[in-house]
Asker: 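What follows is a structure written as structure tokens; I'll ask about it next.
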Amino acid sequence: MSAKERNWWIVAGVVIVLYALFPIAWIVSLSFKAPADIANGQFLPTVFTWANYSQILTGDAAALFLPALRNSFGICLIATFLACILSMFAAYAIARLDFKGKKLILSTALAVAIFPVISIVTPLFNLWRLIGLYDTWPGLIIPYLSLTLPLSIWTMSAFFREIPWEMEQAAQVDGATSWQAFRKVIVPLAAPGVFTTAILAFFLAWNDFVYGISLTSTSAARPVPAALGLFSGASQFEDPTGATAAAAVVVTIPVIILVLIFQRRIVSGLTNGAVKG
Amino acid sequence: MTTTVPPTTTAPPATAPSTGASDRARGEQRLGWMLAGPAFAVMLLVTAYPIGQAVYQSLFAYRLTDPENRRFVGLNNYGVVLSDAIWWQSIGVTVLITVITVVVELILGFLLALVMANALKSIRPVVRAAILLPYAIITVVSAFAWQFAFDLNSGFVNSWFSWIPGISADTDWFGSFGSSILVICLAEIWKTTPFISLLILAGLAQVPDVLQEAAKVDGASWWQRMWKVTIPNMKAAIMVALLFRTLDAFRVFDSIFVMTAGANGTESVSFLAYRQTIARLEVGLGSAVSVLLFIAVVLIAFGFIKGFKVDLSQARGEK
Amino acid sequence: MRRPWRSRLAAAALAVVAVGGLAACGSGESGPPVLTWYTNPDDGGQATIAQKCTAAANGRYSIAVSVLPRESSEQRQQLVRRLAANDTSIDIMSLDPPYIPEYAQAGFLAPIPPDVAARVTEGTVQSAIDGATWDGKLVTVPFWANTQLLWYKKSAAAAAGIDMSQPVTWDQLIQAAEKANTNIAAQGRRAESLTVWFNALISSAGGAVIAQNSTDPTQIQLGLDSPAGQRAAQVMSDFAKSGREGAAFSTAGEDESVAAFEAGTAGWMVNWPFVWSKAKSGVEGGTLQQSVVDDYGWAIYPRVDADKPAAPPYGGINLGVGAFSRHPDLAYEATECITSTQNQKEYFLTNGNPASRSSVFSDPEVLADFPMAPTIEESLQLAAPRPQTPYYSEVSGSIQREYHPPASVSPATGADATALIQAVLSGRQLL
């Protein structure tokens, strides 16, 4: 590759980084603007202020934001955990066993993944009202499984297919009990796939908005994306731009951390099976 | 919104033997269902049951605040929806957004993938991490960021781009249909292009180097190689990406909800369904819209698979 | 923002929430019942009142607040969804008046004991009582009453040579703004504020959105296609095309209007009295010059025609008690505490939301902080309620759809909107 060509690829890379970061930088910058500064027409604040953060973390928006943050974490983690457990068994069966219905399960997962969420939300709303799941954690965890399960089954079975299962038998031949063989050989091989799947599933659940606004109505279960639209200025006629921006930044921090630490895994999870022929 | 990404190639077959004693086969059959059954049942429970319920409810005139007057109306709700101009308008808006975003994302995603494939090893992790951020960020957050940027009061776009004819300090981006759609599409494109580009990048890696080298030896130009070798060989990856993004774009809701709340005729089908059921509490009519949306999605998926011959069994990693 | 009270109120809010949270954990066990009060967002005033009334109850009950979304239409969605599920946790609700008939008709409100009804309406302005009534019966407790004023910059009025102590019409305003080379801030966004504006126009023109009311949706007669409706549509479209409506009129809400007024691009503005509190806190916070606020003037809302009185928008909040509440008696007791004259006065002073009880408007402390209080009271006497119907959300939603953007309004809009509302109410069309 010539030096000139190389420079062009570097420039292109920098452009991509700017493209990806610019809107994020903007919302971060906005979150540091004082109310009077919001309309300054500039990208950066004239004076940096933490006021928006103190408003949502300790101020009068905290009663709205903090429970929402707790709900989001709790609900998404549980939904991710359940999806991983369920799909671990399913993916093992799909990858290792030969049974009729494998195709049916994978097709179902595919169908569920393309399902319009809004079509599910209407009847769920009605059903949840009747059986008392409306505005509760389980009331969101269950529909979140419709988002996380298909992805988890797909990603995990793709990972599990690549595990050299023969090694388990080899270990048993070498005198290990089947439990030891499983724990010492298979678990370390399978763990990265499960972990990557968990991250992707968490992103999906964390991103949900439709279920969040439709199936909750109080701080008992309302997740952050739904709460973002509920901030208010000092009176209900005033726009809460600063508080919304600050809350948006706070909920973005976890995904940024996950992306920075696990970027390689996330990419392999997203494209698994496609990279290796 | 994000979607599941299917593995796009055939994985090596599982190690389990496909022949053997029928006892063993039966045992494996049972074990398979015991392991995979719960996940399967949960998936059915959270989708098949609600859609069945929606079909049932769509046959009634039923307003939540007026349960006494709930009555069976047959297919009347569907007649109301299908004969209403707003349904067709929302279909039009949804298709418009879908076509614009998917086409732009495909081209842009291809360019991004080319850069990533060719970027130096040293900057590749940085580019990769950066590109994952839009994918991982919450759609609503992205919608707010774009809305605030273009907003007349809080935004900077008007003052930065006032040198472009037609943009001034007073340009109201959310005041008309065209500019609202433009901003909605920008937000969607920003958020989901990385996903497409990663799939295309994976597809690029699939193209056998041997073919590239052979074409080079034959004296093919860069463009010729791209058109004759690279793209045909990654058709499957592109088609799968296209299918998933199209279905995803067709469900667009979050950005519209945040940015315009449907003003100036920017309602998507999902938004229309949301308003009938959740906002107006007209459960019967809303269910009819939901069912029709579901049918539309199924038709698109079917059309893709038949029309473009997207091989989903290949995409599923099954033979 | 209103820093000085803010941190204090925040602490109060947190305390209330903490109390509520602790108490909720122990519900079903011993201890005083916790009444949950669903409030619209404000500057923390309702949380403070909740705390005060909890203290005043001497352990018989405590009040926990739960905040609803910002748009009144979304507040309604949240509450109605829960009430339709027979939610027993809804004790007290801060309700926007136009939605009250829907709650009452659906049986979502516990009946008011006659003695309570008598006490809470005593000395209350008539428009607030009307807003709390459905089908001839008081169904909610008037809390605070809002109305829009015509705000102006004295400098702009002087430049235009217009006497703001006299009633003005929309046409005169546009001419004055031409002369003073400034804009008029109003709310043209596709939201409830558009219905608020339209309703004020049609009422001032001598008409009404609903000409003949009925609880049967197919029997409701509309007045949109009447001469008054035509006149209102004309004023709306004239204003939107006047060139004096300001930038981004079709997406402007209340807050955008204030921004234009404070920045000086608008010399006139129709808006709720929160603009005064906002201006004062802007001065305290150093983001607004005192001289700007000194230039503020206020008058009664503009008329449509010089010979017919103005019909300013009426808003505010009334308190409803949930029909499925386990403690309706205690909840009604609490609403009496919440809406006491003293609390109404303090809420006015701290949050800028006007009282529903007449005596508050002549209170010296109120007058010192809100010199426009007499104008607000006068405006409340003139104020026209939005159409009272259990199908308000459909009516308002249809109006917003047909009359937005305001510049597109034509003489045919009234007939179109009538057809749409009738079709929507009879289930023949989507909204």
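In what follows, every chain begins at residue 1, and chains take the letters A, B, ... in the order their sequences are listed.
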Asker: Per the side-chain contact (heavy atoms from CB on, under 4.5 Å) rule, which among I131(B), L132(B), L201(B) passes with V267(A)?
Answerer: L132(B)
Asker: Less than 4.5 Å to any heavy atom of chain A: does that hold for the side chain of Q29(B), its backbone, both, or neither?
Answerer: both
Asker: Please classify the contact of I105(A) with chain B as side chain, backbone, both or neither, using a heavy-atom distance under 4.5 Å.
Answerer: both
Asker: Taking the inter-plane angle between the rings of F209(A) and F253(B) on a 0 to 90° scale, is it parallel (under 30°), tilted (30 to 60°) or perpendicular (over 60°)?
Answerer: tilted
Asker: Could you check if a side-chain atom of L110(A) sits within less than 4.5 angstrom of a side-chain atom of F244(B), using non-hydrogen atoms only?
Answerer: yes
Asker: At a 4.5 Å cut-off on heavy atoms, which part of W33(B) comes close to chain A: side chain, backbone, both, or neither?
Answerer: both
Asker: For F22(A), is it the side chain, the backbone, both or neither that has a heavy atom under 4.5 Å from a heavy atom of chain B?
Answerer: side chain
Asker: Using heavy-atom distances under 4.5 Å, tell me whether L30(A) contacts chain B through its side chain, its backbone, both, or neither.
Answerer: side chain
Asker: Please determine whether side-chain contact (heavy atoms from CB on, under 4.5 Å) holds for the pair I38(A) and N153(B), giving the CA-CA distance in whole Å, both sets of side-chain angles, and the decisive distance to 0.1 Å.
Answerer: CA-CA 7 Å; I38(A) 297 274; N153(B) 277 323; 5.8 Å; no
Asker: Is there a side-chain contact between F43(A) and W160(B) (heavy atoms, below 4.5 Å)?
Answerer: yes
Asker: Answer with side chain, backbone, both or neither: which region of L127(A) has an atom nearer than 4.5 Å to a non-hydrogen atom of chain B?
Answerer: side chain
Asker: With under 30° as parallel and over 60° as perpendicular, where do the rings of F294(B) and F115(A) fit, or are they tilted in between?
Answerer: tilted
Asker: Under 4.5 Å from any heavy atom of chain B, what part of R129(A) do you find: side chain, backbone, both or neither?
Answerer: side chain
Asker: Is any side-chain heavy atom of W146(B) closer than 4.5 Å to a side-chain heavy atom of W26(A)?
Answerer: no
Asker: Could you check whether any side-chain heavy atom of T108(A) comes within less than 4.5 Å of a side-chain heavy atom of L44(B), counting everything from C-beta outward?
Answerer: yes
